[in-house]
Protein chains: 2
Amino acid sequence: MTITDVGVAARVSPSTVSRVLNGTAKVDPALADRVHQAVRELGYRPNLAAQGLARGEWGTIGVMLPDLANPYFPDVLKAVTAVARANGRRVMVMESDEDPTVEQDLVTELMRCCDGLLLCSPRMDRAQLVDLVGHGHPMVLVNRIAPGLAAPSISVDFYAGMTLICGHLAQLGHREVVYLSGPEASWANGERVRALNAAEAFGMKVTVLPCGSTTRDGNEAAPRALESGATAIVTYNDLVAQGALTRLRQQGVDVPKEVSVVGFDDLSLDWFGLATLTTVSTPRDELGRRAGEMLELLMTEGHDTEPRYLPMALLVRDTTGTVRTTASARGAQG
Amino acid sequence: MTITDVGVAARVSPSTVSRVLNGTAKVDPALADRVHQAVRELGYRPNLAAQGLARGEWGTIGVMLPDLANPYFPDVLKAVTAVARANGRRVMVMESDEDPTVEQDLVTELMRCCDGLLLCSPRMDRAQLVDLVGHGHPMVLVNRIAPGLAAPSISVDFYAGMTLICGHLAQLGHREVVYLSGPEASWANGERVRALNAAEAFGMKVTVLPCGSTTRDGNEAAPRALESGATAIVTYNDLVAQGALTRLRQQGVDVPKEVSVVGFDDLSLDWFGLATLTTVSTPRDELGRRAGEMLELLMTEGHDTEPRYLPMALLVRDTTGTVRTTASARGAQG
DNA sequence: CTGTTAGCGCCTTCAG
DNA sequence: CTGAAGGCGCTAACAG
């Protein structure tokens with residue numbers, strides 16, 4: 001089933017078939033009709049490998065991300081896919097399991113079969129990033145801003161988000177908070193930490209505890225967080241927060257009366273359980289959409305867009321409250 | 001950067017390069033060394049489009065699934081990806097949003113750029129399935145067994161899983177249960193319903209309520225489920241169950257004292273909240289692994305494997321208990 | 001506006 | 001065991 005078969009069926013040359021199918025040039029309507037009919041009758045579909053070879057492009061964009069099981073990414077992916085489809089492209093996604101070495105391989109692999117790449121929350125260091133970008137393949141960074149890198153970037157404004165959290169806690173009277181830190185190699189985690197450190201200027205004492213990005217991590221870290229003596233537990237994301245929350249409850253700790261807990265990302269995990277998490281929201285849909293658009297622009301017009309930051313919004317819900325004054329738990333809810 | 005460039009660098013013909021790279025034929029070790037070195041120095045990577053065109057295959061398998069946001073699928077995907085990588089293939093996934101029409105398009109699209117397809121929980125009807133399989137592309141069905149279809153299938157044994165649930169409830173004294181039904185077009189849902197109906201032979205009265213597959217669906221259906229007067233709420237999956245559970249608690253209903261709730265799939269959502277869900281477990285990893293292997297077999301040897309059913313296991317946890325005898329809630333926990 | 005011609009980069013017969 | 005030659009299906013530059 002080739003373009004030639006369609007050609008004979010429509011009594012035209014293969015080129016003409018190609019032209020009507022791609023709209024590359026004006027074709028006599030009569031011939032075009034014959035072609036369309038033949039295509040329909042034969043159920044012809046262009047061979048993508050042949051097209052790719054001839055055109056030098058695949059009609060596919062690649063997405064690399066650390067973990068598909070994180071509810072964060074399906075939302076982003078849906079938006080990216082929508083944009084890609086609107087531009088007539090497929091999407092190929094690969095997950096790295098948070099491993100920088102794997103990331104390198106995946107990107108190399110994706111470059112072989114995609115016209116452009118979206119690197120979501122890459123964990124690799126700046127040098128590796130520079131190396132990869134140097135290959136000249138269009139790629140845009142998502143949730144990672146790397147200064148001086150020849151690739152457009154778009155990210156949620158983690159720093160501002162965490163600042164909102166700190167402000168909220170400060171106003172509730174919290175002066176000592178503990179932060180359950182995300183993956184060490186995560187730039188996004190670094191931004192959160194920076195914002196926390198900045199909050200110390202306002203008289204807030206911050207303890208950083210290595211933790212992780214999953215519910216399990218939060219669950220395991222909760223006791224240590226409690227022991228730190230902080231009145232509020234700030235977390236890398238909602239998953240960690242929920243894990244911690246569960247553990248605290250099991251230990252009979254009253255949240256938010258005895259201790260406040262804050263999430264990050266608004267994964268809307270709050271369907272579960274009675275209390276819903278105070279957190280900051282991420283515009284995941286917009287993030288995916290704009291990232292897709294930036295990549296498309298980069299691929300088609302070589303447009304190197306300015307780095308963009310997307311704002312987060314504070315969502316005060318049930319897990320934060322005024323700090324308890326002494327040893328007794330008599331604080332009021334926020 | 002073509003195979004010819006490598007050839008000149010290694011002072012051999014392109015054919016020789018191809019042969020050492022693919023292990024297609026015996027090559028003088030000295031030449032092979034030169035080739036490897038040249039490849040390394042030039043950083044050469046075969047053009048996939050050219051390979052695909054010449055070989056007539058893409059080195060890619062396609063996966064179609066209804067919804068990436070369902071935590072069920074990332075687990076399956078990880079296993080599929082692992083198998084695919086072990087066989088030197090990439091994975092391309094597309095989600096249909098539970099829409100049979102979209103499914104048709106996606107499969108058609110995937111057939112154009114993949115050597116084989118995994119159709120996960122397809123919602124399309126049998127006729128459409130037959131049509132698609134008729135195209136002669138290797139495909140295996142996951143979580144859908146369709147009799148007389150010329151495609152291998154593998155599925156979790158939903159019927160047996162639901163039977164375990166019914167038995168468990170019956171032994172706790174439940175005689176009236178309500179089922180929050182999944183997507184109408186879901187074969188897996190049909191299997192669950194069949195098992196429920198079979199349970200009626202044991203004196204169990206079953207009411208089926210249309211619901212859906214998401215937490216939101218469960219949340220919204222909970223009041224209706226309660227009104228049905230049943231003593232136990234059986235659900236399409238853990239997501240629905242959690243949604244219902246949350247709503248019941250908000251209404252002050254004591255689970256499991258006043259009503260029992262059972263999930264399905266063991267999505268391990270139980271990190272959240274105080275009570276963990278009684279449910280049946282799905283071997284998602286094994287499902288993905290075996291599906292991948294079946295597809296590989298089908299692609300390489302045309303092996304048409306027997307349909308396989310994977311067993312589920314009952315996990316009795318905190319949300320089921322003995323039926324309350326009258327109006328008072330004095331049941332004990334299971 | 002249409003058909004003919006020459007590759008895209010690789011694999012795979014076929015000679016040697 | 002190696003090189004040369006043809007073709008995979010399509011597009012694009014070239015004549016007509």
Side-chain angles (χ1 to χ4, degrees), chain A residues 1-39 42-60 88-90 109 111-115 137 300, chain B residues 1-39 42-60 88-90 109 111-115 135-137 300:
Chain A
M1 181 76 297
T2 81
I3 201 173
T4 309
D5 299 327
V6 178
V8 305
R11 286 165 296 146
V12 297
S13 74
S15 333
T16 300
V17 177
S18 172
R19 282 191 273 255
V20 321
L21 257 35
N22 300 308
T24 317
K26 285 232 171 307
V27 178
D28 185 294
L31 295 196
D33 269 357
R34 297 218 301 268
V35 170
H36 282 128
Q37 181 146 356
V39 166
L42 301 179
Y44 167 76
R45 295 261 141 211
N47 179 313
L48 287 178
Q51 273 187 333
L53 188 54
R55 302 213 259 238
E57 59 171 54
W58 285 263
T60 300
R89 302 184 198 273
R90 279 161 296 287
E109 179 69 20
M111 287 192 306
R112 294 177 59 200
C113 55
C114 300
D115 302 320
H137 270 72
T300 54
Chain B
M1 179 77 296
T2 80
I3 201 173
T4 309
D5 300 326
V6 179
V8 306
R11 286 166 295 145
V12 297
S13 75
S15 333
T16 301
V17 177
S18 171
R19 282 191 273 255
V20 322
L21 257 35
N22 301 308
T24 316
K26 284 234 172 307
V27 178
D28 185 294
L31 295 195
D33 269 357
R34 295 218 302 267
V35 169
H36 281 129
Q37 180 146 357
V39 166
L42 301 180
Y44 167 77
R45 295 262 142 210
N47 180 313
L48 287 178
Q51 273 187 334
L53 187 54
R55 300 213 262 239
E57 59 171 53
W58 285 262
T60 300
R89 302 185 198 273
R90 278 161 295 287
E109 179 68 20
M111 288 193 305
R112 293 178 59 202
C113 55
C114 300
D115 302 321
H135 282 273
H137 269 73
T300 55

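Quick note on labels: first sequence line is chain A, next is B, and so on, each numbered from 1.
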Visitor: Going by the side-chain contact (heavy atoms from CB on, under 4.5 Å) test, name the single residue among A/Val12, A/Val20, A/Val39 that passes it with A/Val6.
Guide: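 Testing A/Val6 for a side-chain contact (heavy atoms from CB on, under 4.5 Å) against A/Val12, A/Val20, A/Val39 leaves exactly one candidate, A/Val39.
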
Visitor: Please give, in whole Å, the distance from C/dT12 P to B/Leu21 CG?
Guide: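 The distance from CG of B/Leu21 to P of C/dT12 comes to 13 Å, rounded to the nearest Å.
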
Visitor: If you find the nucleotide of DNA chain D closest to B/Ala50 and the one closest to B/Val12, which residue's nucleotide is nearer the 5' end?
Guide: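 Nearer the 5' end of the strand: B/Val12.
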
Visitor: Measure from the side-chain heavy atoms of B/Thr24 and tell me the nearest of C/dT12, C/dG3, D/dC10.
Guide: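 Taking heavy atoms from C-beta onward, the closest nucleotide is C/dT12.
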
Visitor: Any side-chain heavy atom of B/His137 within less than 4.5 Å of one from B/Cys114?
Guide: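 Answer no - side chains too far apart.
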
Visitor: What integer distance in Å separates A/Met1:CE from D/dC10:C1'?
Guide: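 The answer, rounded to whole Å, is 14 Å.
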
Visitor: Does C/dG3 have OP1 or OP2 sitting under 4.0 Å from an N or O in the side chain of A/Ser13?
Guide: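 A/Ser13 to C/dG3 OP1/OP2: side-chain N or O found under 4.0 Å.
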
Visitor: Hey, could you give me the CZ/CG distance between A/Arg90 and A/Leu48, rounded to the nearest 0.5 Å?
Guide: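 A/Arg90 CZ to A/Leu48 CG: 5.0 Å, rounded to 0.5 Å.
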
Visitor: Picking from C/dC10, C/dG7, D/dT2, which would you name as closest to the side chain of A/Ala54?
Guide: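 Side chain of A/Ala54 sits closest to C/dG7.
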
Visitor: Can you find a donor-acceptor pair, distance only, under 3.5 Å between A/Arg19 side chain and C/dG3 base?
Guide: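 Yes, the side chain and the base share a sub-3.5 Å donor-acceptor pair.
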
Visitor: For the pair B/Arg11 (side chain) and B/Arg34 (backbone), establish whether a donor and an acceptor sit closer than 3.5 Å, ignoring hydrogens and angles.
Guide: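 Looks like no, no N/O pair under 3.5 Å.
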
Visitor: Report the distance from atom CZ of A/Arg45 to atom P of D/dC10, rounded to the nearest whole Å.
Guide: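 Distance check: A/Arg45 CZ to D/dC10 P gives 12 Å.
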
Visitor: Measure from CG on B/Leu31 to P on D/dC1 and round the result to the nearest Å.
Guide: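 B/Leu31 atom CG is separated from D/dC1 atom P by 11 Å.
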
Visitor: Can you tell me which nucleotide in C/dC1, C/dT2, C/dG9 comes closest to the side chain of A/Thr16?
Guide: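 My answer, after comparing the listed nucleotides, is C/dT2.
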
Visitor: Rounding to an integer number of Å, can you tell me how far A/Arg112 CZ sits from C/dG9 C1'?
Guide: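 Nearest whole value for this atom pair: 12 Å.
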
Visitor: Which nucleotide wins on minimum distance to the side chain of B/Ile3, given the candidates C/dT2, C/dC1, C/dC10?
Guide: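 So the nucleotide nearest the side chain must be C/dC10.
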
Visitor: Rounded off to whole Å, could you give me the CZ-to-C1' distance for the B/Arg11 and D/dG3 pair?
Guide: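 Whole-Å distance recorded here is 16 Å.
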
Visitor: Of the candidate nucleotides C/dC11, D/dC10, D/dA5, which contains the atom at the shortest distance from the side chain of B/Arg55?
Guide: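 Within the option list, the nearest is C/dC11.
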
Visitor: Does B/Gln51 have a side-chain nitrogen or oxygen under 4.0 Å from the phosphate oxygens OP1 or OP2 of C/dC11?
Guide: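 Result: yes.
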
Visitor: Got a donor-acceptor pair under 3.5 Å from the side chain of A/Ser18 to the base of D/dA12?
Guide: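 Result: no qualifying N/O pair found.
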
Visitor: Rounded off to whole Å, could you give me the CG-to-P distance for the B/Asn47 and D/dC10 pair?
Guide: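 After rounding, the gap between these two atoms is 17 Å.
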
Visitor: Report yes if the side chains of A/Val35 and A/Arg19 come closer than 4.5 Å at any heavy-atom pair, otherwise no.
Guide: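 Heavy-atom side-chain distance check fails, nothing below 4.5 Å.
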
Visitor: At 4.0 Å (heavy atoms only), tell me whether A/Pro14 reaches a base, stays on the sugar-phosphate, or touches nothing.
Guide: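 Contact class for A/Pro14: none.
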
Visitor: Checking contacts here: which listed nucleotide (D/dG3, D/dT2, D/dT11) is nearest the side-chain heavy atoms of B/Ser15?
Guide: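 The nucleotide sitting nearest to the side chain is D/dG3.
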
Visitor: Identify which nucleotide among D/dC1, C/dC8, D/dC10 has an atom closest to any side-chain atom of A/Leu53, counting heavy atoms from C-beta outward.
Guide: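 The answer is C/dC8, which lies nearest to the side chain.
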
Visitor: May I ask you to evaluate whether B/Asn22 reaches the phosphate of C/dC11, defined as a side-chain N or O under 4.0 Å from OP1 or OP2?
Guide: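 Answer is yes, contact under 4.0 Å.
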
Visitor: Would you kindly say whether A/Ser18 and A/Ser15 are connected by a side-chain donor-acceptor distance under 3.5 Å?
Guide: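 Checked: A/Ser18/A/Ser15 side chains show no N/O donor-acceptor pair below 3.5 Å.
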
Visitor: Measure CD/B/Glu57 against P/C/dG9 and give the value in whole Å, please.
Guide: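 In whole Å, C/dG9 P lies 21 Å from B/Glu57 CD.
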
